[in-house]
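Computed from a prediction, not measured in an experiment: that's the story for all the values here. Per chain, numbering begins at 1; letters A, B, ... match sequence-line order. All values below come from the heavy atoms of this structure, side chains included, with hydrogens, waters and symmetry mates left out.
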Protein chains: 2
Amino acid sequence: MTKLLKIGELAKLSQVSVETLRFYETQGLLSPKTRSDSGYRFYSVDDQQRLQFILHAKKVGFALQEIKRLLSLKTDSSQHTCEEVKNYTGVKIREVEAKIHDLQTMKQALDSLHQACCGGKESADHCTILNSLGDPELFSRHSSANAH
Amino acid sequence: MTKLLKIGELAKLSQVSVETLRFYETQGLLSPKTRSDSGYRFYSVDDQQRLQFILHAKKVGFALQEIKRLLSLKTDSSQHTCEEVKNYTGVKIREVEAKIHDLQTMKQALDSLHQACCGGKESADHCTILNSLGDPELFSRHSSANAH
DNA sequence: ATAAACCCTAAAGTCTGCTATAGAGTCAAG
DNA sequence: CTTGACTCTATAGCAGACTTTAGGGTTTAT
């Protein structure tokens, strides 16, 4: 019997537009727990958490359809065999690991840039490590095919 | 005097289409080092590395315009003040850290799913940890506004 | 009891990031 | 010296992820 949220309330809390929420519903990503007699959407705390997952996954580069599939592992578990789940999660784990690796590399480049930079008003070409972003060694390995 | 690559060669090596490379040029992301008299594009090893950076950044959810800006720190260093660079990199570092955090959380959820799952032919609702993806604790903190 | 604020659907429009098409020039191999 | 693979520009088209518009109900605060 916890509080249910109207679409505008959820939107505000989650920093998305109400239109986006309605759009996600058409895409089968997030449906409100219930509707009022007049058709108003009411979202539960679970719905809110599901939305957080969607937003975080999106932020790190997953497409909505991918996210839908990730979520379906939870939602429709009886529809999948263990074998399927094992294979799919295995693939996704490697994908996530590659993304983490790329981000760590990028962070290093940004860190060295940030530290080398005096932060003053003068032109940034005195920051000799600006080239850190272009270091040949940085991203040279594991140029895996893009899963798209 | 190292080898220069024609567009088709770079495309094949980098696993993108030639059209994508021409498109990136129109967007100011990647221009070939030189052109032949007849207009053929010729890409250097530096260009190739720049492309790798673009592709990796894209994979982890940066928009092309963001990537352009990241690259401009390197390319047009004399156009930026140290102050600017310091501020911008500071922001981006925090953004990257948040992405890494999200991915690590996601990896944990996928890992527990993967391990709990027997991998057999039976229905996956026997994998009781399927709920790991929906753990309330997972993404509940740091619901930062999306930088868009 | 009425106006402001909020919600609904349906459909069209927008922006990003490509992808495809058309028409033509270039280049390497036989 | 021609044929087939490759390249060029310019333009149109497309998929994904929203956003806006139009027209109309619902709630709630005064």
#### Entry: N or O in side chain of B/Tyr24 less than 4.0 angstrom from C/dG17 OP1/OP2
no
### Spacing of B/Glu9 atom CD and B/Leu4 atom CG [to the nearest 0.5 Å]
10.0 Å
### Closest-nucleotide 5' rank along DNA chain D - winner of A/Leu64 and B/Gly39
B/Gly39
### Task
Round to a whole Å and report the spacing from CG of B/Leu4 to P of D/dT7.
14 Å
### Message
I need the CD-P distance between A/Glu25 and D/dC18, as an integer number of Å.
### Response
15 Å
### Length of the line joining A/Ile54:CD1 and D/dG16:P, which is rounded to integer Å
17 Å
### Query
Using 4.0 Å as the upper bound for N to carboxylate O, is an ion pair formed by A/Lys59 and B/Asp102?
yes
### Shared hydrophobic cluster for B/Leu51 and B/Leu13 (ILVMFWY, side-chain gaps under 4.5 Å)
yes
### Query
Is the base of D/dC6 touched by the side chain of B/Tyr40 through a donor-acceptor pair closer than 3.5 angstrom?
yes
### Query
Which sits closer to the 5' end of DNA chain D, B/Gly8 or A/Phe62, going by the nucleotide each is nearest to?
B/Gly8
### Task
Examine C/dC18: is either OP1 or OP2 under 4.0 Å from a nitrogen or oxygen in the side chain of B/Thr20? Give yes or no.
no
### Query
Does C/dC27 have OP1 or OP2 sitting under 4.0 Å from an N or O in the side chain of B/Ser38?
yes
#### Entry: Axial cation check for A/Phe62 ring with A/Lys99, 6.0 Å and 45° limits
yes
### Task
Give a yes or no on whether a salt bridge exists between B/Glu25 and B/Arg35, defined as a side-chain N under 4.0 angstrom from a carboxylate O.
yes
### Query
Between D/dT20, D/dA17, C/dC7, which one does the side chain of A/Ile7 approach most closely?
C/dC7
### Task
Figure out the CG/P separation between A/Asp37 and D/dT27, and round it to whole Å.
8 Å
### Task
Could you tell me whether the phosphate oxygens of C/dC7, OP1 or OP2, come under 4.0 Å of any side-chain nitrogen or oxygen in A/Arg41?
no
### Query
Should A/Arg22 be listed as having a side-chain N or O under 4.0 Å from OP1 or OP2 of D/dA17?
no
## Note on the structure
Whole-Å distance, A/Leu55 CG to D/dA17 P, equals 13 Å
### Query
In whole angstrom, what separates B/Phe23's CZ from D/dA15's C1'?
13 Å
### Query
B/Lys6 side chain N/O closer than 4.0 Å to the phosphate oxygens (OP1, OP2) of D/dA5?
no
### Task
Measure from CZ on B/Phe42 to C1' on D/dC8 and round the result to the nearest Å.
12 Å
## Note on the structure
Atom CZ of A/Arg35 and atom C1' of D/dG25 are separated, to the nearest Å, by 14 Å
